[in-house]
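Since the structure comes first, as structure tokens, the remarks are kept for the end.
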Protein chains: 2
Amino acid sequence: MNSQGRVPAGKPVQLDDVSKKIIEQLQSDGRRSYAEIGKAVGLSEAAVRQRVQKLTEAGVMQVVAVTDPMQLGFYRQAMIGIRATGDTRVLADQLAAIPAVDYVVLTAGSFDILAEVVCEDDDELLTLLNLKIRNLEGVASTETFVYLKLHKQLYNWGTR
Amino acid sequence: MNSQGRVPAGKPVQLDDVSKKIIEQLQSDGRRSYAEIGKAVGLSEAAVRQRVQKLTEAGVMQVVAVTDPMQLGFYRQAMIGIRATGDTRVLADQLAAIPAVDYVVLTAGSFDILAEVVCEDDDELLTLLNLKIRNLEGVASTETFVYLKLHKQLYNWGTR
DNA sequence: AGTGAAACGACCGTAGA
DNA sequence: TCTACGGTCGTTTCACT
């Protein structure tokens, strides 16, 4: 069970080179078999499986399907910078509850919150902005950055 | 092979409910077996396998490992808003080539480019900003939004 | 933490509706 | 595009190191 957000995190984990290699293997193909990964990293299948299980339980890594919004008919994406009053965490919760909002981060800088939204078209984006987001209590002002082209999107944070 | 970015995209695909359910299954666990998914969606193992293959080839979906930067020792993340001169695509290419940059999008608005960076600490972030990003030709000015708390992060764009 | 082996289950290709 | 089926390979469990 795990479609939303990042895992709460278990214990801090120190990764050796072998675990990093295992993660790299799964980053290029999440369905690669443990046996095949084992050959690539020089470990038995069972050992690979144990490590993957631990890494997953610890919240270091998870294997999931990621989808392309464009291919699914969501042609408008945007990042919305929000200047807020009051507790930004409360506001962030409300934003996160909106289905079209797929990313919320609290920031330091001229915005307090950055929220990424995925919409079918400009109409939906406008409605979302004017009737939902800007109506939330604690939203002082917003600035919208409509996506023209998604240029790079990495999922392999951290191993680089 | 596919660790970087979004697939160039094949043909536009119209998804029926069954395919959407298959994607949902894989979004909650990318290693769930085709047989098990078949039971859940009422299809044979072979049929599920065929659909997953097509969805993957079409670039609608991919199964990959995603990792948590924090757990891997990258304690500083930030979004960098960039105002640019000249061709933003050229600049975006240069940004994308920097390993610490995991996300680059060309936008309309008061920034021309948004780039997310993953760093080990403030030192690395400072170096990155001052010596790499702000030195790139075509960067007029930048604004940095240091992440205080990542609040929501969805990978299941598009099915909602 | 790791290996190896045997039973089981998943995966893959092909044939056929 | 789906089901059915058989061969192959991956996974699981367990005893052992």
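Every chain is numbered from 1 and lettered A, B, ... according to where its sequence line falls, protein lines coming before strand lines.
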Modelled atom types, side-chain donor and acceptor of Tyr34(B) and Gln50(B), under 3.5 Å
no

Give the rounded distance in Å between these two atoms: CG of Leu43(A) and P of dT11(D).
14 Å

Taking NZ, NE, NH1 and NH2 as the nitrogens, is one of them in Arg76(A) or Asp122(A) under 4.0 Å from a carboxylate oxygen of the other?
yes

Take the protein atom CG of Leu15(B) and the nucleotide atom P of dT1(D), then report the distance between them rounded to whole Å.
13 Å

Verify same cluster id: Leu55(B), Val18(B) (apolar side-chain graph, 4.5 Å)
yes

Arg51(B) and Asp16(B) ion-paired at < 4.0 Å:
yes

Roughly, in whole Å, what's the span from CZ in Arg49(A) to C1' in dC14(D)?
11 Å

With nearest nucleotide decided by heavy atoms, which residue, Ala47(B) or Lys39(A), maps closer to the 5′ end of DNA chain D?
Ala47(B)

Classify the nucleic acid contact of Ser44(B) as base, sugar-phosphate or nothing, counting any heavy atom under 4.0 Å across all strands shown.
base

Provide the full list of salt bridge (Lys or Arg N to Asp or Glu O under 4.0 Å) pairs with a residue in residues 37-47 of chain B, sequence neighbours left out, each pair given once.
Glu45(B)-Arg49(B)

Note: chain A reaches DNA chain C at heavy-atom distances under 4.0 Å over the stretch, first to last nt, 5' to 3', of dA1(C) to dC11(C)

Tyr103(A) side chain to Glu116(B) side chain, donor-acceptor N/O pair below 3.5 angstrom
yes

Rounding to 10°, can you tell me the angle the first-five-pair axis of the helix from dA1(C)-dT17(D) to dA17(C)-dT1(D) makes with its last-five-pair axis?
40°

Nearest of dA4(D), dT1(D), dT11(D) to any side-chain atom of Arg51(B)?
dT1(D)

Distance in Å, Asp87(A) CG paired with Glu137(A) CD, rounded so as to fall on 0.5 Å steps
12.0 Å

Classify the ring geometry between Phe145(A) and Phe111(B) as parallel (under 30°), tilted (30 to 60°) or perpendicular (over 60°).
parallel

Is the closest basic N to carboxylate O distance between Asp112(A) and Arg83(A) below 4.0 Å?
no

Taking atom P of dA4(D) as reference, at what distance in whole Å does atom CD of Gln50(B) sit?
13 Å

Glu36(B) atom CD is separated from dT12(D) atom P, nearest whole Å, by 11 Å

Touch check for Glu45(A), heavy atoms < 4.0 angstrom, all strands: base, sugar-phosphate only, or nothing?
base

